[in-house]
Amino acid sequence: MALIGSLIKGVIDLKGALTSETDHWAAQQDVLRELLETASSTAFGQQYAFDHILEHSNFPEVFANTVPYFDYHKMSKFWWSKILDGENDVTWPDSPDYFALSSGTTGKKSKRIPVTDAMLTAIRNAGIKQVSALANFDLPSDFFEKGIMMLGSSTDLQEKEDHLEGEISGISASTIPFWFEGYYKPGKEIAQIDDWDERVQHIAQNAKNWDIGALSGIPSWVELMLQKVIDYHNVGDIHDIWPNLQVYTSGGVAFAPYEKSFNKLLKYPITVIDTYLASEGFIAFQERPDTDAMKLITDNGIYFEFVPFQPEYINQDGSLKPDAPSVTLAHVEVDQDYVLLMSTVSGAWRYLIGDTIEFTDVSKAEIRITGRTKFFLNVVGSQLSVNKMNTALRTLEQDFDIEIPEFTLSATRIDGEFYHHWYLGTTGDIPEKEIAKALDNALKDANKNYKVARSKALKGVKVTIIDPLLFTEWSGVQKKKGGQVKMERVMSEEKFEDWEAFVQKHLNTDV
């Protein structure tokens, strides 16, 4: 048994044994108090009287009643734009050395989100917490000597006057501690390559030189990378190249849609651990193997609030209505979708990151991501969240023995009647009308509001089956490949017209 691996595993096991259970609400109050104290002298803190808020014993409630909700547009227009113009002490003391470019799912223009030194420290601390939690997964000692393939964005950050810009995965990888460099793959030189296809080509060429024990990245892009390595070396599966691969740390989106296609690239099962890292911070990670839920990191520079995900609280563009009620961690309930709000050590305040979550265990502060506020489809009262869509598609995968890793849809009008038009990415040879009928039935079973809508104004479901790779090409055309880029699950009618033209062009080209 390898000595170094045994030592590392021993330290992790000891740390896990000595770690006490967190009082999550007490930790959250401490975080909010520290955030308010630290930012009280900033322009934002003075505008919203942070010193006055802290005078109250019920300061979390006063904070919620004093500071309005902010989405990216409002935060950028009224506050973060001042930082880019050279002002200091705007929403957080001093000015940040980094801005995270969030390509996300919402258009070609990148968002610029400040990343402070305090946030980088918080992200590193969260990473240490996650590594410590590996003690719960019964991994062998030699695992802790293997390389870790972190498939994120390019670490070649762009200089912009007094700061650097890049996606959060690229910023994090560019600031890894020196002691981790020996484990980190593909290494600094390859990680700096900006072009996704070129970077993956270099990974494939060097793959046999690395003993990879763990993977990290967004499932769709990791799958493509693994397939490229397999094809380049003309082998049957990725374990023919990396026989010691045992762990995949998934992030960015739910892993379930990719599970069947991902497992086809493996010789034997590996441990899948979910994480929740956004441009705004490291939010949660899976702490234990007997659940696929993730534990909110409640003691590490982020204060969370939750708005019940109800149609009457959400504007058409996915933003929150000003009078939408919020609750703290002390008052959340299981099996209720919530819009996630964050206040952070990067100077985001009551900030809507656009994700919806549900709690699976309140005492453990464990959650699942259920979708995006912008991807909530409520035309004619159907009230479909991404979580309900994924549930229905998993039923189709089982019933038809196919994989559907990618999809998108829109509410469209045909002869004045509303239909949901789905594009399913699958290689399965199933008649579209047959799968449309099955999808319709699965959605009725998954969501009672959808069932009511189908009996009234929603006339039906249309399905178009395409190659899953078309979704990747669309992402490349809309933004760029790799990194934090995710596929839009629900499109506006206007965007859907562009999507259909894109698909038709590629189908005609292939003929």
Side-chain angles (χ1 to χ4, degrees), residues 31-54 59-60 62-104 106-107 109-123 158 160-168 171 278-283 301-307 315 317-324 326 339-355 373-374 484:
V31 167
L32 178 59
R33 183 181 293 107
E34 186 172 350
L35 290 173
L36 294 173
E37 289 173 350
T38 304
S40 61
S41 296
T42 64
F44 192 96
Q46 292 177 347
Q47 170 81 24
Y48 293 105
F50 281 5
D51 283 340
H52 175 70
I53 293 173
L54 286 163
F59 66 94
V62 179
F63 171 69
N65 292 333
T66 303
V67 181
Y69 299 135
F70 285 89
D71 57 15
Y72 173 78
H73 175 72
K74 287 176 61 179
M75 203 78 206
S76 176
K77 179 180 179 180
F78 296 111
W79 296 100
W80 290 342
S81 60
K82 297 178 181 180
I83 305 174
L84 293 168
D85 288 339
E87 293 187 31
N88 290 333
D89 302 322
V90 178
T91 62
W92 194 253
D94 300 321
S95 60
D97 291 329
Y98 301 91
F99 272 80
L101 302 178
S102 176
S103 51
T106 54
K109 187 175 181 180
S110 291
K111 300 175 182 177
R112 284 177 166 78
I113 298 166
V115 181
T116 62
D117 289 343
M119 178 55 75
L120 288 175
T121 298
I123 290 173
Q158 304 301 307
K160 298 285 185 179
E161 298 177 354
D162 60 346
H163 66 269
L164 297 172
E165 293 184 350
E167 291 187 8
I168 190 63
I171 293 172
S279 298
E280 295 82 3
F282 201 145
I283 298 168
I302 302 177
Y303 176 71
F304 300 103
E305 296 173 88
F306 313 91
V307 176
N315 293 313
D317 63 358
S319 63
L320 287 174
K321 294 184 177 178
D323 59 348
S326 66
V339 179
L340 182 64
L341 301 175
M342 295 165 50
S343 299
T344 78
V345 290
S346 273
W349 298 101
R350 306 201 78 208
Y351 183 85
L352 171 72
I353 68 170
D355 290 336
T373 57
K374 289 180 180 291
Q484 305 298 112

Rounded to the nearest 0.5 Å, how far does [atom2] of [Y] lie from [atom1] of [X]?
{"X": "Phe50", "Y": "Leu35", "atom1": "CZ", "atom2": "CG", "answer": "8.5 Å"}
{"X": "Leu120", "Y": "Asp97", "atom1": "CG", "atom2": "CG", "answer": "8.5 Å"}
{"X": "Ser81", "Y": "Glu87", "atom1": "OG", "atom2": "CD", "answer": "8.5 Å"}
{"X": "Thr344", "Y": "Phe304", "atom1": "OG1", "atom2": "CZ", "answer": "10.0 Å"}
{"X": "Gln46", "Y": "His52", "atom1": "CD", "atom2": "NE2", "answer": "15.0 Å"}
{"X": "Ser279", "Y": "Tyr72", "atom1": "OG", "atom2": "OH", "answer": "10.5 Å"}

Please walk me through it: do Asp117 and Asp94 pass side-chain contact (heavy atoms from CB on, under 4.5 Å)? CA-CA 10 Å; Asp117 289 343; Asp94 300 321; over 6 Å; no

Carefully, step by step, assess Arg350 and Ser326 under the rule side-chain contact (heavy atoms from CB on, under 4.5 Å). CA-CA 10 Å; Arg350 306 201 78 208; Ser326 66; 3.0 Å; yes

Just so I know, are the side chains of [X] and [Y] near enough to count as touching, which here means a heavy-atom distance under 4.5 Å?
{"X": "Ser41", "Y": "Asp89", "answer": "no"}
{"X": "Ile302", "Y": "Phe282", "answer": "no"}
{"X": "Gln47", "Y": "Phe78", "answer": "no"}
{"X": "Thr91", "Y": "Lys82", "answer": "no"}
{"X": "Val90", "Y": "Thr42", "answer": "no"}
{"X": "Val345", "Y": "Thr121", "answer": "no"}

Which pair of heavy atoms, one from [X] and one from [Y], lies closest together, and at what distance?
{"X": "Leu340", "Y": "Phe306", "value": "CD1-CE2, 3.6 Å"}
{"X": "Ile283", "Y": "Ala278", "value": "CD1-CB, 4.0 Å"}
{"X": "Ser40", "Y": "Asp51", "value": "CB-OD1, 3.2 Å"}
{"X": "Tyr69", "Y": "Val307", "value": "OH-CG2, 3.7 Å"}
{"X": "Ser343", "Y": "Phe63", "value": "OG-CZ, 3.5 Å"}
{"X": "Leu32", "Y": "Pro60", "value": "CD2-CA, 3.7 Å"}

Result for ring pair (Phe, Tyr, Trp, His ring centres under 6.0 Å) between Trp80 and one of Tyr351, Phe70, Trp349, Phe99 points to Tyr351

Near Lys321 NZ, under 6.0 Å, is it more than 12 heavy atoms from other residues, nucleotides or ligands? yes

Quick check on Glu34: does its CD atom have over 12 non-hydrogen neighbours (other residues, nucleotides or ligands) under 6.0 Å away? no

Give a yes or no on whether the backbone of [Y] and the side-chain of [X] come within a donor-acceptor separation of less than 3.5 Å.
{"X": "Lys160", "Y": "Leu84", "result": "no"}
{"X": "Ser346", "Y": "Thr116", "result": "yes"}
{"X": "Ser76", "Y": "Lys111", "result": "no"}

Apply the test side-chain contact (heavy atoms from CB on, under 4.5 Å) to residues Leu164 and Gln158: give CA-CA distance (whole Å), side-chain angles for both, the deciding distance (0.1 Å), then the verdict. CA-CA 5 Å; Leu164 297 172; Gln158 304 301 307; over 6 Å; no

Steps toward side-chain contact (heavy atoms from CB on, under 4.5 Å) verdict (Phe44, Val67): CA-CA 10 Å; Phe44 192 96; Val67 181; 3.9 Å; yes

